[in-house]
Amino acid sequence: MQLSEQEIIRRNKLEELRQLGIDPYPAPSVPVSHFSVDILNHFTEEKKDQFASLSLAGRIMSLNDKGKVIFVKLQDSKGLIQLYVRRDDICPGEDKTFFDRVVKHLLDLGDIIAVSGFVFTTKTGETTVHVQSLTLLNKSLKPLPVVKRDEEGHVFDAVTDPEFRYRQRYADLIINPEVKETFVKRTRMINAMRDFLNAHGALEVETPVLQSIPGGAAARPFVTHHNALDIPLYLRIANELYLKRLIVGGFDWVYEFSRDFRNEGMDRTHNPEFTILEFYVAYKDYFWMMETTEKLLEKTAWEVNGATQVTMGDRVIDFKAPFKRVSIFDAIRDHTGIDISQMDEAGLRQVCRQLHLEVDDTMGKGKLIDTIFGETCEPHYIQPTFITDYPVEMSPLTKKHRSRPGLVERFELMANGKEIANAYSELNDPVEQQQRFEEQMKLMERGDHEAMYIDHDFLRALQYGMPPTAGIGFGIDRIAMLMTNSPSIQDVLFFPQMRPEKIQGADLERELETAGVRKELIPLIQKLGVQSMAQLKEMKPTKLFNDLAGMRKKMKLEILNATVEEIEGWLK
RNA sequence: GAUCUCGUAGCUCAGCCGGUAGAGCAUUACACUUUUAAUGUAAGGGUCCUGGGUUCGAAUCCCAGCGGGAUCACCA
């Protein structure tokens with residue numbers, strides 16, 4: 001890696017610290033009696049005695065050198081607190097080296113330290129730790145992007161580059177505290193859901209990620225290969241069929257927070273791997289499931305934000321139960337004025353043309369209806385709304401509607417114009433399930449890549465008998481976006497998928513090393529603009545000698561100059 | 001996958017019609033024993049994403065590539 005000026009300076013400081021007998025990476029664990037926020041929230045002048053001796057540890061986020069006094073902002077896992085470091089306190093004797101050299105010059109933003117001392121309030125009224133001893137715990141070699149904030153929390157020169165933020169999430173988390181808050185909320189949200197389910201007697205289970213038949217959803221899977229079995233295996237696109245096998249096996253209510261994988265496009269609402277909460281409940285139907293969904297989401301919103309309303313951009317979305325319910329045909333009629341409830345495939349195709357929607361021959365009735373709904377209705381449902389009673393063609397795993405022919409007992413929950421959950425009364429007639437699978441095979445033959453495979457083992461399970469069951473899948477990432485006011489799925493995933501990064505010059509470094517170049521000289525060669533071994537070999541050893549010596553001087557490096565003989569050795 | 005757009009110092013960004021590369025913060029040095037976006041003085045720091053082309057001359061114009069973002073397509 002080519003080092004910047006600031007990085008070289010930090011490495012030199014590292015050396016100086018060692019020469020002063022200070023280990024920049026010490027081993028022992030350190031006592032931590034308080035977190036920053038504990039002090040800020042509870043300290044008062046009256047309670048001074050309780051804060052007379054404490055210790056804390058964290059990362060230096062700002063250094064304000066006032067001469068014989070330095071103010072430090074220390075960031076620990078909970079927040080930021082100011083430290084007051086006075087020369088005569090931490091260097092009571094004659095030798096002031098520790099303050100004058102170590103604290104004043106060898107500490108940098110990003111270093112991790114431990115301190116002990118007592119709490120007081122400064123003239124300007126800020127609760128501050130008066131430091132009596134200070135220990136370096138970790139010297140940071142890479143400068144953090146600098147973010148300055150004023151008292152109201154206004155940010156100056158914020159790091160906004162998404163590539164930096166997503167690729168180096170660790171740095172993003174250090175400098176942008178609200179990012180941390182987002183992920184804490186995400187976990188709180190998942191905990192709230194888990195608590196709700198456990199309180200209702202549900203059992204958390206785990207089912208295979210590697211599946212030989214990718215089932216339970218319409219999506220293109222990732223394929224991998226099992227060497228010992230010599231068979232293809234697929235990363236799961238859903239866990240539905242496995243959870244229903246468990247209902248057959250006699251569990252009443254099972255759930256799983258399932259990481260699923262779909263080999264499709266990526267955008268603001270899609271990541272190749274994402275999390276779905278699916279659960280299945282015996283002896284229930286989709287009406288029961290609607291009520292349960294309302295309760296679950298209302299409680300979750302409350303636990304995360306202390307209110308049933310969440311803010312999403314300039315919208316407010318209210319998860320207060322009950323949610324509106326609209327059948328899919330009514331929804332389409334409301335938004336297009338067209339009643340498609342009695343139409344066949346040809347009629348639907350005609351409607352799509354009329355609405356200028358793109359269709360092709362591989363699309364069956366289900367996909368056509370889905371296209372119409374997705375294009376004309378879906379974006380309009382901002383408040384949580386159940387869209388109910390889908391046509392049978394687009395729901396191969398769903399029980400037929402008890403009273404409406406051609407429909408199934410299914411709902412999707414829309415919020416903020418996006419689907420966030422999908423549920424139905426599960427199809428438990430094994431003969432009909434087989435027929436539905438066969439229809440899917442026909443779609444596949446027409447060229448539909450997302451049509452489902454026949455899962456014979458699942459059919460066998462259904463033949464033993466599955467109680468009437470209601471099932472649902474929640475898009476956890478999308479709900480997390482709503483709960484945290486995040487416009488992009490990448491903001492609620494710690495490490496969103498990205499194209500692998502090319503680390504520049506990594507190959508050259510290796511080549512140079514094999515050619516016998518001393519490690520400390522490699523940055524100099526890179527600094528000269530050399531980009532390949534071939535380019536280096538074209539250079540005259542004497543010129544290289546001169547250039548390297550010049551660069552060494554320019555960068556003020558305390559390293560041994562390369563000799564001409566040495567350089568000739570590399571170029572052979 | 002398509003279209004549009006962006007890529008300049010560690011960070012945020014400016015750089016006009018092509019003419020020696022700029023600011024603030026950060027860094028380095030000095031001063032300052034309750035500061036707070038601390039301040040004052042001085043200094044250093046650049047593969048202008050990469051590679052080609054046009055030109056006497058390219059950060060700037062053209063082409064290709066790489067990377068990001070947006071929109072669309074795909075995605076119940």
Side-chain angles (χ1 to χ4, degrees), chain A residues 2-10 12-13 62-73 80 82-89 99 104-105 108-110 120-126 128 130 142-167 171 175 217-220 237-238 262-272 274 328 358 366-367 369-371 373-374 378 387 390-391 393-396 398 410 412 414 418-419 421-422 449-450 473 475 488 490 498-502 504-505 526-531 554-556:
Chain A
Q2 187 156 334
L3 299 177
S4 70
E5 184 199 23
Q6 293 189 35
E7 288 170 303
I8 292 164
I9 289 168
R10 288 194 180 206
N12 293 341
K13 289 180 180 179
S62 100
L63 283 163
N64 180 5
D65 184 350
K66 284 273 297 161
K68 296 191 178 55
V69 154
I70 298 184
F71 290 91
V72 180
K73 298 277 188 204
L80 207 59
Q82 176 166 269
L83 310 178
Y84 173 75
V85 186
R86 197 163 65 174
R87 183 163 86 152
D88 296 340
D89 290 319
F99 184 86
K104 250 173 116 79
H105 288 101
D108 283 302
L109 305 190
F120 74 111
T121 306
T122 63
K123 277 181 189 165
T124 49
E126 179 161 349
T128 299
H130 191 129
K142 198 161 177 63
L144 282 170
V146 180
V147 177
K148 288 214 150 201
R149 280 160 206 274
D150 66 13
E151 262 168 296
E152 282 86 47
H154 296 122
V155 180
F156 301 86
D157 299 336
V159 179
T160 51
D161 178 10
E163 178 168 16
F164 176 89
R165 294 193 41 226
Y166 299 150
R167 284 199 198 278
I175 59 181
R220 300 176 83 161
I237 54 174
R262 297 187 183 176
N263 203 342
E264 292 159 355
M266 298 159 55
D267 60 32
R268 242 182 18 259
T269 54
H270 297 83
N271 193 66
F274 61 106
I328 189 166
E358 265 184 58
K367 276 212 151 189
I369 294 172
D370 188 52
T371 301
F373 178 80
E378 190 168 318
I387 305 297
Y390 285 67
E393 291 82 355
M394 54 194 286
S395 314
T398 310
R410 168 176 175 185
E412 286 191 1
M414 302 288 159
K418 275 281 170 194
E419 175 201 346
N422 179 19
H449 293 292
E450 291 144 12
S488 164
Q490 294 167 311
M498 298 198 96
R499 196 180 292 276
E501 188 177 8
K502 270 194 203 147
Q504 258 201 344
Q526 291 177 318
K527 199 84 182 167
L528 288 173
V530 175
Q531 291 181 50
K554 191 176 167 198
M555 292 166 78
K556 300 190 184 92

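Fair warning: this is a prediction, and the values are worked out from it, not measured in the lab. In what follows, every heavy atom counts, from backbone to side chain, and hydrogens, waters and symmetry copies are set aside.
In this structure B/U20 sits in no base pair that meets the Watson-Crick or G-U test at under 3.5 Å. The pairing partner recorded for B/G40 is B/C30, the criterion being a Watson-Crick or G-U wobble arrangement whose two distances lie under 3.5 angstrom. Of all nucleotides present, only B/G68 satisfies the Watson-Crick or G-U wobble test against B/U5, with each distance under 3.5 Å.
Here the side chain of A/H105 is nearest to one of B/G67, B/A29, B/C32, namely B/A29. Comparing B/C75, B/G69, B/U33 by their closest approach to the side chain of A/Q490 singles out B/G69. In this structure, the nucleotide among B/A76, B/C32, B/U34 sitting nearest to the side chain of A/T122 is B/U34. Comparing atom distances between the A/K68 side chain and each of B/C32, B/U35, B/U27 picks out B/C32 as nearest. The side chain of A/M498 has B/G68 as its nearest neighbour among B/U35, B/A76, B/G68. Considering only side-chain atoms of A/D267, the nucleotide from B/C32, B/C74, B/U35 that sits closest is B/C74. In the set B/U28, B/G68, B/A76, B/A76 carries the atom at the smallest distance from any side-chain atom of A/N422.
Listed here is the closest heavy atom pair of A/E264 and A/R220: OE2-N, 3.1 Å. Among all heavy-atom pairs drawn from A/V72 and A/L63, the shortest one is CG2-CD2, 3.8 Å. Taking each heavy atom of A/F99 and A/V85 in turn, the nearest pair found is CE1-O, 3.9 Å.
Contact between the side-chain N/O atoms of A/H130 and the OP1/OP2 oxygens of B/U33 is not found at any separation under 4.0 Å. A close approach under 4.0 Å does occur between a side-chain nitrogen or oxygen of A/K13 and OP1 or OP2 of B/U28.
Within the 4.0 angstrom heavy-atom criterion, base atoms lie near A/E126. Within the 4.0 angstrom heavy-atom criterion, only backbone atoms of the sugar-phosphate kind lie near A/R167; the bases stay farther away. Using a 4.0 Å heavy-atom criterion, one finds that A/R268 contacts the sugar-phosphate atoms exclusively. Among the atoms of the strands shown, none is found under 4.0 Å from any heavy atom of A/R87. Base contact: A/F120 has a heavy atom under 4.0 Å from a base atom.
An anti base is found at B/C6: its glycosidic angle is more than 90° from 0.
Shown here are the side-chain contact (heavy atoms from CB on, under 4.5 Å) partners of A/Q6, two or more places apart in sequence or in another chain: A/S4, A/P143. With sequence neighbours excluded, the residues that form a side-chain contact (heavy atoms from CB on, under 4.5 Å) with A/D88 are A/K96.
With a 6.0 Å radius and a threshold of 12 heavy atoms from other residues, nucleotides or ligands, A/R167 has its CZ atom above the threshold.
Straight-line distance between the C1' atoms of B/U28 and B/A70: roughly 41 Å, to the nearest whole Å.
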Completion exercise
Per-nucleotide protein contact along nucleotides 2-11 of chain B, 5' to 3', at a 4.0 Å heavy-atom cut-off (B base, S sugar-phosphate only, - neither), is --------BS
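Each of A/D108 and A/Y84 was assigned the nucleotide of RNA chain B with the nearest heavy atom; the assignment lying further toward the 5' end belongs to A/D108.
If you take CZ of A/R10 and C1' of B/G45, they are 15 Å apart, rounded to a whole angstrom.
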